[in-house]
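Just so you know, ligand 1 is whichever comes first in the structure, and atom 1 is the first atom listed for that ligand.
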Amino acid sequence: MNNTKISTSLSWIEVSRENILNNIRVIRKKIGPDIKIAAVVKANAYGHGYHEIAQILEDEQIEFLAVHSLEEAFILNEGGYSPELLIVGYVPYDQLNEAVESGFHLTVYNTDTIRQLEKLKTSKKAKIHLKLETGTNRQGIDEKELPSFIGLLKNTKKIDLIGASTHFANIEDTTDHSYAQSQLDRYKEILAEIENAGLEIPIKHTASSAASLLFSKTHYNMIRFGISLYGLWPSKETYLSYRLAGGENNLLTPALTWKTKVAQIKNVPKGSFIGYGCTYRTTADSKIAVLPLGYYDGYDRKLSNLGYVLIKGERAQVRGRICMDNIMVDVTNIPNVKIEDEVVLLGRQDGDVITAEQMASWAQTINYEIVARINPLLPRKII
Ligand SMILES: *Cc1c(COP(=O)(O)O)cnc(C)c1O
């Protein structure tokens with residue numbers, strides 16, 4: 001994952017340090033100095049590279065790096081970064097021991113996990129964040145189980161209750177935020193129930209990027225900042241809500257550029273088929289450039305005959321199907337394209353840009369999936 005053999009790779013990712021720092025500083029300014037930040041770096045830091053992002057953030061006084069799994073926590077732990085590691089996904093019983101010994105914060109929503117933690121013979125206390133069910137119905141403590149949780153936690157010797165969190169179901173997909181408000185109300189009620197039972201909750205956190213950008217009442221004392229750390233808006237609706245509330249343009253700056261080099265140029269006569277399935281046939285004598293990457297690298301096959309790349313600042317249309325490891329693009333009308341010319345698949349080149357949102361619309365998905373699915377084996381380079 002921290003491959004540095006940049007000169008030998010066929011396609012690679014460049015991550016702009018300046019843009020990541022801009023995005024974290026913008027949100028810091030917005031939330032104020034007293035609210036902690038968990039930088040969400042799951043999924044290879046949304047495709048940007050675990051270590052690259054952790055390194056860039058190292059001097060930014062981030063309290064947590066949040067990951068999905070124990071495996072991801074171990075990858076980051078090797079870097080020895082200063083933030084603590086928070087695992088937001090499930091940790092199986094047989095891995096709890098390792099997780100606690102490593103000092104990772106765990107997200108807990110099953111009473112059995114509490115019982116398992118209580119039985120561990122670890123030298124350290126488990127640091128846990130309760131995940132409260134408020135209406136997303138993904139992970140979360142069921143209301144009926146809350147009294148058992150409270151009972152277990154009041155009598156524990158092996159567990160430190162560090163936080164309580166929830167996650168909104170419907171902030172990104174709408175400009176009507178009443179469902180989020182109902183979840184927030186529910187969160188408040190459950191917090192009160194826990195605190196009235198005499199338990200303290202040092203860190204309360206509910207907000208992912210959309211809530212962090214839109215609603216200060218969701219911030220409590222920590223936000224979990226993911227997609228927008230990378231300069232991407234969670235959705236059009238989030239952007240629209242933000243602007244309607246008077247927010248400024250150009251708040252966030254995308255940080256990722258995906259590049260490759262031309263691997264072959266060929267002159268193809270009018271009437272020739274391009275690629276598997278003969279789905280494209282040239283309508284004129286054409287010049288085709290072959291690019292050495294494909295769906296294995298995360299370049300979605302739905303972009304067949306649909307997407308374009310940038311070469312010499314101009315758009316070159318994808319011709320034929322995306323292959324596992326190759327793409328063909330039309331450079332007939334771009335003068336002087338040569339083998340090993342640099343190509344931009346995602347990001348900016350000269351005056352033009354291909355955004356993750358543009359690519360997502362071609363692939364019928366969201367910007368999150370576009371960046372998160374870029375093959376982790378491709379080298380990442382901080383620029
Ligand atoms: C992924 C994730 C986030 C970050 O969400 P963004 O929309 O990317 O900011 C926050 N909290 C949890 C629990 C997550 O799984």
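- The shortest separation from a heavy atom of Arg138 to ligand 1 is under 4.0 Å, placing the residue in contact.
- What sits closest to atom 5 (O) of ligand 1 on the protein, heavy atoms only, is Ser208 CB, 3.3 Å.
- The shortest N or O to N or O distance between Val88 and ligand 1 is not below 3.5 Å.
- Note: an N/O pair closer than 3.5 Å links Ile227 and ligand 1 by distance alone.
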Open item on the list: Is there a side-chain hydrogen bond (donor to acceptor under 3.5 Å, both in side chains) between Tyr242 and Asn249? Walk through the geometry before answering.
Closed with: CA-CA 9 Å; Tyr242 180 81; Asn249 199 0; over 6 Å; no
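- The distance from ligand 1 to the heavy atoms of Tyr46 drops below 4.0 Å at these ligand atoms: 1 (C), 4 (C), 5 (O), 6 (P), 8 (O).
- Relative orientation of the Trp362 and Tyr308 rings is perpendicular, given thresholds of 30° and 60° on the angle between their planes.
- Protein heavy atom nearest atom 7 (O) of ligand 1, with residue, atom name and distance: Tyr368 OH, 2.6 Å.
- A donor-acceptor contact shorter than 3.5 Å is absent between the side chain of Glu172 and the backbone of Glu237.
- For an aromatic pair to be called close, the ring centres must be under 6.0 Å apart, and Tyr179 with Phe168 fails this.
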TODO: Using the side-chain hydrogen bond (donor to acceptor under 3.5 Å, both in side chains) rule, take Gln181 and Asp185 through it: C-alpha gap first, then chi angles, then the decisive distance, then the call.
DONE: CA-CA 6 Å; Gln181 181 61 52; Asp185 294 342; 2.9 Å; yes
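- One hydrophobic cluster holds both Ile128 and Ile201 under the rule that ILVMFWY side chains link at heavy-atom gaps under 4.5 Å.
- Nearest non-hydrogen protein atom to atom 9 (O) of ligand 1 is Ser209 OG, 2.5 Å.
- At the top of the distance list for atom 11 (N) of ligand 1, counting protein heavy atoms only, stands Arg224 NE, 2.8 Å.
- Among protein heavy atoms, the minimum distance from atom 1 (C) of ligand 1 is reached at Lys42 NZ, 1.4 Å.
- Counting only heavy atoms from C-beta outward, the side chains of Tyr81 and His51 approach each other to under 4.5 Å.
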